[in-house]
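Heads up: the structure comes next, in structure tokens.
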Amino acid sequence: MRLEKTGACIAATPLYPEASMNEDRFRLVISTSNQDKLREVTEILSASWLELVPFSSFSGAPAPKEGSFSLEENALIKARTARDFTGLPSVGDDTGLEVDILDGKPGVFSSRYAGEKASYADNVSKLLDVLQSIPRQERAARFKCVVALALPGGKEKLFRGYCWGHLCFEPKGDNGFGYDPVFVPNGKKSTLAQLSPSLKNKLSHRGKALRSLKRHLRKMHEAS
Ligand code: ITT
């Protein structure tokens, strides 16, 4: 099987675990269709010993068939789809915003809260409408990020990260993506979208989950 990375051949055949471990850099496929997420994953995981390859850059890459009711299962589906297609270690990230007073919704349905093809703005607008009459002290929420690592040979591992805070009453800030403009992390007065990307990554759900993954990969790389 010939796999293309924007024109350049990056792997001639599916690699066995030994093959990918023994190279100078650890090659890791990132399975997401969300460019904002891909940017954050790249910023957080960036390291000289790690080569990050977007799954979308492999010609013919299939779309993962999500649809489960858990972030864990969805993250695994994304990682397995990339691992099975490329033969390379792969990661998937599934993230949800869990609002206390909504019994954890939108949760696993965060991307389609306002409908199948909803934009970030549609979802935020629906959430603000639903919470319109809810006072500040009852607007607690958290982001939960689940990162799944799927290795050639079948081993899999999950990494989780959380960010606790509350939802404000109107969108603020231009950084970040998704629900960031209405989420104020505990200990801050600004929304995640008002923080610099590096500060968001430092305290975010994704930052926490991916730094655990990075420590794990580093150990694997050093042991190879
Ligand atoms: P992939 O499945 O292709 O990775 P996605 O956008 O569907 O892309 P998720 O299911 O993990 O990814 O995310 C669901 C939604 O949650 C996403 O579309 C955003 O609206 C929101 N979201 C995810 N991460 C976020 C973050 O760090 N800050 C704010 N909102 C986020």
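When reading the values below, keep in mind they use all heavy atoms of this one structure, side chains included, and skip hydrogens, waters and symmetry mates. This is a predicted model, so every value here is computed, not measured. When a ligand or atom number is given, it counts from 1 through the structure's own listing order.
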Looking at [atom], what's its closest protein heavy atom, distance included?
| atom | value |
| --- | --- |
| atom 24 (N) of ligand 1 | Arg206 NH2, 2.9 Å |
| atom 16 (O) of ligand 1 | Ser110 CB, 3.5 Å |
| atom 28 (N) of ligand 1 | Asp180 OD1, 2.7 Å |
| atom 22 (N) of ligand 1 | Phe177 CE1, 3.8 Å |
| atom 12 (O) of ligand 1 | Lys37 NZ, 3.0 Å |
| atom 18 (O) of ligand 1 | Ser111 CB, 3.5 Å |
| atom 2 (O) of ligand 1 | Lys78 NZ, 2.6 Å |
| atom 6 (O) of ligand 1 | Asn34 ND2, 2.9 Å |

Self-check item: Passing option when His166 is tested against Gln137, Arg136, Glu138, Arg142 for side chain to side chain donor-acceptor pair (under 3.5 Å)
Solution: Arg136
Practice problem: Could you tell me whether Asp174 atom CG has more than 12 heavy atoms of other residues or ligands within 6.0 Å of it? | Solution: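 No, not enclosed.
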Quiz item: Counting only heavy atoms, which portion of Tyr120 has something under 4.0 Å from ligand 1: side chain, backbone, both, or neither?
Solution: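 For Tyr120, only side-chain atoms sit under 4.0 Å from ligand 1.
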Quiz item: If you measure from each non-hydrogen atom of Gln35 to ligand 1, which part falls under 4.0 Å: side chain, backbone, both or neither?
Solution: neither
Quiz item: Ion pair present between Asp94 and Lys78, side-chain N to carboxylate O less than 4.0 angstrom?
Solution: yes
Self-check item: Salt-bridge contact Lys200-Glu40 (side-chain N to carboxylate O under 4.0 Å)
Solution: yes
Quiz item: Is it the case that Arg215 places NZ or CZ above or below the six-membered ring of Phe159, under 6.0 angstrom from the centre and within 45 degrees of the axis?
Solution: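 No; the conditions do not both hold, so Arg215 does not lie above the ring face of Phe159.
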Quiz item: Do we get Lys144 above Tyr162's six-membered ring, with its NZ or CZ under 6.0 Å from the centre and within 45° of the axis?
Solution: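 Ring-cation test returns no.
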Quiz item: Counting heavy atoms only, which of Asn123, Thr95, Asp94 is nearest atom 23 (C) of ligand 1?
Solution: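 Among Asn123, Thr95, Asp94, the closest heavy atom to atom 23 (C) of ligand 1 comes from Thr95.
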Practice problem: Indicate if Tyr179 and Tyr120 have the same hydrophobic cluster label, given that clusters are the connected sets of ILVMFWY residues with side-chain heavy-atom separations under 4.5 angstrom. | Solution: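 Different clusters: Tyr179 never reaches Tyr120 through Ile, Leu, Val, Met, Phe, Trp or Tyr contacts under 4.5 Å.
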Which atoms of ligand 1 have any heavy atom of [X] under 4.0 Å away?
| X | value |
| --- | --- |
| Phe143 | 28 (N), 29 (C), 30 (N), 31 (C) |
| Asp93 | 4 (O), 11 (O) |
| Thr32 | 1 (P), 3 (O), 4 (O), 8 (O) |
| Lys200 | 26 (C), 27 (O), 28 (N) |
| His205 | 26 (C), 27 (O) |

Practice problem: Quick one: closest heavy-atom pair of Arg206 and Ile44, and the distance? | Solution: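 Minimum heavy-atom separation between Arg206 and Ile44: CG-CD1, 3.9 Å.
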Quiz item: Given Phe85, which of Ser90, Ser31, Pro62 fulfils the side chain to side chain contact (heavy atoms under 4.5 Å, CB included) condition?
Solution: Pro62
Quiz item: Any chance the rings of Phe183 and Phe143 have centres within less than 6.0 Å?
Solution: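 Distance test on ring centres: under 6.0 Å, yes.
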